[in-house]
Structure formats: C-alpha cells, structure tokens
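Notes follow once the structure below has been shown.
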Amino acid sequence: MVAFTLSTFPSHFSTTKTVIPKFPENPKTLILEKCKTTKDLNQVHANLIKTRLLHHPAAAEPLLEAAALLLPDSTIDYAFSIFRDLEHPDSSAYNIMIRGFTEAQSPAKSILLFRQMIEHLVQPDEFTFPGILKACSKLRALREGEQIHAYIVKSMGNLQCTEFVENSLVYMYASCDRLESARKVFDGMSKRSPVAWSSMFSGYVRCGHWEEVVGLFRKMMKMGIGFNEVTLISVLKACGRLSDLELGEWIYEHVVANGLKQNDSLITSLVDMYAKCGHLETARRLFDNMSTRDVVAWSAMISGYSHSNQCREALALFHDMQNANVTPSEVTMVSVLSSCAVLGALETGKWVHSYIKKKNLKLTVNLSTSLIDFYAKCGCVDIALEVFLEMPSKNAWTWTALIQGLARNGRGETALRFYNLMLRENVKPNDVTFIGVLCACNHAGLVDEGRDYLVGMSRDLGIEPKIEHYGCVVDMLGRAGLIEESYELITNMPIKPNAVIWRTLLASCRLHKHPEIAEEALKQVVRLEPAHSGDYILLSSLYASVGRLEDATRLRNEMKKLGIKKSPGWSYIELDGSVHEFMAEDNGHPESPEIYKAVENMMEQIKKAGYEPDTMQARLEAEEDADKEASVSHHSEKLAIAFGLIRTSPGATIRISKNLRICNDCHNAAKVISEVFKREIVVRDRNRFHHFKNGSCSCHDFW
DNA sequence: ATAGGGTTAG
C-alpha cells in the first residue's frame, strides 16, 4: 500500500482527466459540507469507492467523522462499517470511532476499540486519550481508566500529556468517585483552565461535597482565577444544597452584569438554587422570564415546589407543563410522584404511573423508588411491592422506601424480612434504612428486636444512631407501656434530647396515663420549644382522662394566658384528580354549606348506630374556643370524610391525608362511619395509616 | 478533543 501524503494528492489527480473533478484543496471541508443527511453520506461514500479514494485518510476520515460524530446516533453502525473497510486505519480514524461510540451511548465499544488499537500497534496520540477517558468516565470504568493513566505515564516522552489529557484524567477519576486521585492529578497540573476546575467540581458535586465546591470557588475568586458558565453551574448546585444564598445571589449579579442571561442552563441552575434556598418567588420569576423553557427548566421549578412542600403548586405547574406541550421526563415524574405522595393524591399518582407506561419512560432506579414511596404513602403497599419486585436493580434508597412503606402500613414483620433480604443481597443499609427498621419494630410491637437493632446498627454496621433513631425507640417503648425505660433511654442517650423526643414521651404518657413523667416531659418540651400547643393539650387531656379535671382546665387556661394557639389541623381529600383541603371550622370551600349539612347528617346517622361523642374532649375544646362555637364534629377529617361521602359513588373507598395525628373522637367516628355507610376509609395521619372497614381499624385502636 | 442545568426516603 502506497502511503499518500496530502501534498502528493493534487498532482496525482491532475493527471487523470476522467469523471472526477480535480481533487479539492480541502477535502475535509467539502465532504463535511456535503454530508448533511444519511443519504448525502451514501452518495459521497459511493463516490469515494468509485474513485478509489476511500483508502486515503484525507478523504475517508471526514466521511467517518460525518458518520460517527456529526449525524444522529443511528449512523454509528454505518460509520463502523466504513471504518472496517479501511485497510490501515490510523490513529485519527480510531480516535473518531472511539469518540463516536461514546457519543452514541456505547462507551464499552470505545474501550474495545481502544484495545484493538493497541493490539494493532497503532500508536495513540494526545487526541486519543480525552476520547477514551470520556468513555471510562461514562462507564465509571475505574480499572480501565487507571490502566490508561498508567499507559500515558509509561509512554511519557513518546506522547504528550497535554492539558486536555490531564483534564480528562481529572474528570475520569471524579466520575469514578475517586476524588483523591482526581485531586492529585489536578494539583499536579501546571496550568488549570476553567475546564480543569469544572472537572474537579463535578466530582465534588457527584459525591455531595458541597462545602468543598463553595470553598474552592471562593478561593478561585480570591486568587482571581477565571471561571465560566460551566463552573457556575456546579457552584450554584452546591449553593442550593447548602442554602448559601449569599454566594448564589453574588452569582446571579455576576450573570446579570456579564450578560449571561441567555444561557438557559445557567438560568435553570439559578432557578434551582433560589428554589432550594426557599426563595420560590424569585425562582418562579426567573422561570417565567425565560424565553424558552425546556423539560429541565420545568423539572427544576416543579422540584422546587415539591422540595419546599408546596405540593399543590408542584402539581399545578405540572399541569401547566402539559398545557405548554413539553413532554415530561423520568426526572420530572420523580418530583411529581413525590408531591402526590405527600398529598396522598392516589388518583393523580396512578395517572402518572400509567402515563409512564404509555410513554415508555425509562423506569430508572430513582423513578421506581419514587413509585414505591408514592404507593406506600398512599396506603397501597401491595402495589408498592409489585413495583419493587419488577425492578431489575435496586439501591439502598429503593430498599429503604419499601421497608419504610411496609412498616408504616402495619406490616412490621414483612418489613424486617425485606431488611434481611437486603443484607443478603449485599446492599449496604444507611441511617435512613434504620429509621424504617426501627419503625417496623415499633408498629409491630417487636420491642426486643427494636432494642437490638439500635445497638446493632452502630456495633455491626458503624452507623451511629441519630436523634431520629432514638425517637423511634422512645416511641416504641412508650407504646409498649415501658414509660420508665423510655424516660431512662432519653436521659442516658449520648445525644442531647430535643423537643420531638420529649413530645413523643409525653404522647405515650397520655396513652398509658402516666401523669408524673408527663409533667417532667412537658417541662422539658416547653423549655426547648415554648409555643407548641399540642403539648399542653396532651397533658391536659391526660389529666382529664384520669379525672383531674381541675388540672386539665388550669393547664388550658395557662396555655391561653401564654397566648399559645392550637396549630391548625388540615385534611386532604382527592377527588377526580384535584386535591381539596379542609381545616377545622373551615368555611373556605366553595361548597361549604352543603358540606356542613352533610356533616350534620353523617353525625346523626352514626349516633343512631351507637357512636358517642368524646364529651371530655368536646368540653375542653368548647371551653377553649367558646367564642367560636367550635365543635369536634367540625374537625377537618370529619369535613373531608363527609365531603367524600357526598362526592364519590356508593361503596368507593374514601382516602384522607392529614398533618396531625387523628384524634380519638374522629377515630371512633370513622369506625362507625365505615360500618354505617359501607365504606372503606383510609386515613393517613402524620405517623401511620388507619384502614377503617366494617366498624374497626387496622391499627387496633393503638396509635 | 476535555467540564455543565432538573431526581428519590425520617
């Protein structure tokens, strides 16, 4: 085979006076210009074969480049067929194919091809490494990446370790979570462009080392090192996660001052940052002012609402997104499902699930995990289980969501079985997993197991219990009537107890009528969090339940004197895909008069069937709100249930979610309603599910 | 040639 060089080319062709026009001065530009579609490519390809130019790199490579990199993914196989026809592909040809495969989402093929390149003794050049290292990054192929790094070091002298190669090495290590190795390459660089910094940042972002990103960026600014839009995107992500609004706003000013507002990715990052810092209005204003909003921008804004618990706004925006004809992605759906889960919006979530199936959205691990969480939080734990069992791969979050969901729905033993399965499948539990495990022990009344897990999590797995873990155990002991042990645990645990812990103890004192420890618990709670009404109410109703009515009234008066208001309870009910919200004594609903009529009717009917109002509670509440003529029969869950009764077809299940624990009177009423109206009623309160059916509740009156 | 926006449990 004769090796041509470009300079020999024109003279060679000027002698042939055939069909072929004079070989162009710049074949690359010409070929690239001609190849706009696959069809063009075919024509040029055919022409090059006919003119026997295909074996000339200067002609073949532009063709290859067009097929592998410039046209859509589908031509990568075509590109490879061209490549295989080359008799002696040189390093540039290999480089193009290696990059092509990576870009076409087949980075494994890039690695195979690189191996072939070495076997065929084609010397890689400094352009080969960025491509092949990118393939390693995509695959998180650390071993291959390290081998290539070694190869580069070994061949130093023959080939240059350029700045590009170094950047790629940093990014490769960062993608494989090897931050120390990335940092070592980074620190050894003689010149660091913004790309090097961004590569390093991307690793810290991946691993959630937000402080590192912000710290390094501040250092960068102090040293006057240049940065660009890509750098800012990483830094904004860190600002959001750290709620570092100060730096975030500085970046916003910078963006405005430097006319970078046209960069939609940057604006989306700002939207995300403001939303994560709780500035939803600013985020929304930026979002609304974008000239075009792609799926990522919509997702960022929706997740912003969902993140700050404005779930109804999240769903409303999702609705707007569909009206704007922007197709949601897997990522959008994660936030949407999370909002549905919080709201208990079963119908909407189910619709999302069927949409995912219909549109063939990819069931990523995250998305499936969200589905599991959503179904479990809506009380459909069997569907959650179904989704789980169909997943080809699961991570710790997936297992945790399932364990948690089973536990909350009263299937403690099953939850623990799945925990053991998780260990057997070598998925490492994290601290949240143990919240689920302890919660399972709690709801199943498995006190001994619960104590063991609390000790075992740090002893066997090195996960130190946090205040929340102690909270679960305190609750568990309290429920089981082991009030003294619970109290001792609080005073002896290595973490300072918070108000939540004392409040938990207080609630179990109420349940088991233990006024002495209750008084101590209230004292502690008030010291830590003075203005929380529920605490006073717990102790006062405990007094009432043991016949100490004077103490009960005294405490209520004290509370009134201190100006402590009851925190409002609300209940949600979802009907035909929209979520209705009720508060006690609520008059805000457009159908209010009708709903109150329905409540009166409902109460009358269940009284006939034997329901007796909790007079003690009614009296206390009446005293407290005498001016408002408040009534326990106007608790938010009763309004919501009554609304459900008149708005759904006979026999349909009524699903309510509420923010507080369900009160005793409503619990009694719901049992009777389920019998009288032949309805299943599912109430999700802040702690667990109550499935009311035929006059009884799945919690066995223990919550 | 190398870096970049939105994701999930208490």
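Below, read A as the first sequence line, B as the second, and so on, with proteins coming before strands; counting in each chain starts at 1.
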### Query
Do A/His353 and A/Tyr375 have their ring centres less than 6.0 Å from each other?
yes
### Query
When all nucleic acid strands are considered with a 4.0 Å heavy-atom cut-off, which category describes A/Ser168: base, sugar-phosphate, or nothing?
sugar-phosphate
### Task
Select base, sugar-phosphate, or nothing to describe what A/Asn366 touches, counting heavy atoms under 4.0 Å on all strands.
base
### Task
Examine A/Arg293 relative to A/Phe287 and say whether NZ or CZ is less than 6.0 Å from the centre of the six-membered ring and inside a 45° cone about the ring axis.
yes
### Query
Base, sugar-phosphate, or nothing: which does A/Arg241 touch, judged by heavy atoms less than 4.0 Å apart?
sugar-phosphate
### Query
Given the side-chain rings of A/Tyr453 and A/Tyr419, with only the six-membered ring counted for Trp, is the space between their centroids under 6.0 Å?
yes
### Query
Take atom CZ in A/Arg178; do more than 12 heavy atoms of anything else shown fall under 6.0 Å from it?
no
### Query
Which part of the nucleic acid does A/Tyr171 contact within heavy-atom distance under 4.0 Å: base, sugar-phosphate only, or nothing?
sugar-phosphate
### Task
Please list, by residue number, the residues of residues 286-311 of chain A whose heavy atoms come closer than 4.0 Å to an atom of DNA chain B; answer none if no residue qualifies.
A/Asp294, A/Val295, A/Val296, A/Ser299, A/Ala300, A/Ser303
### Query
Would you call the rings of A/Phe227 and A/His254 parallel, tilted or perpendicular if under 30° counts as parallel and over 60° as perpendicular?
tilted
### Query
Is the gap between the ring centers of A/Phe83 and A/Tyr94 under 6.0 Å?
yes
### Message
Taking atom CD as the centre, does A/Glu180 end up with more than 12 heavy-atom neighbours from other residues, nucleotides or ligands that are less than 6.0 angstrom away?
### Response
yes
### Query
Using a cut-off of 4.0 Å on non-hydrogen atoms, how would the nucleic acid contact of A/Thr364 be classed: base, sugar-phosphate, or nothing?
nothing
### Query
Reckon A/Ser368 touches a base, only the sugar-phosphate, or nothing at all at heavy-atom distances under 4.0 Å?
nothing
### Task
Have a look at A/Ser234 and say if it touches a base, only the backbone sugar-phosphate, or nothing, with a 4.0 Å heavy-atom cut-off.
nothing
### Query
Which nucleotide span of DNA chain B, 5' end to 3' end, has atoms closer than 4.0 Å to non-hydrogen atoms of chain A?
B/dA1 to B/dG10
### Query
With the threshold set at 4.0 Å, does a side-chain nitrogen-carboxylate oxygen contact exist between A/Asp431 and A/Lys466?
yes
### Query
Which part of the nucleic acid does A/Asn263 contact within heavy-atom distance under 4.0 Å: base, sugar-phosphate only, or nothing?
base
### Salt bridge present between A/Glu163 and A/Lys191 (N-O < 4.0 angstrom)
yes
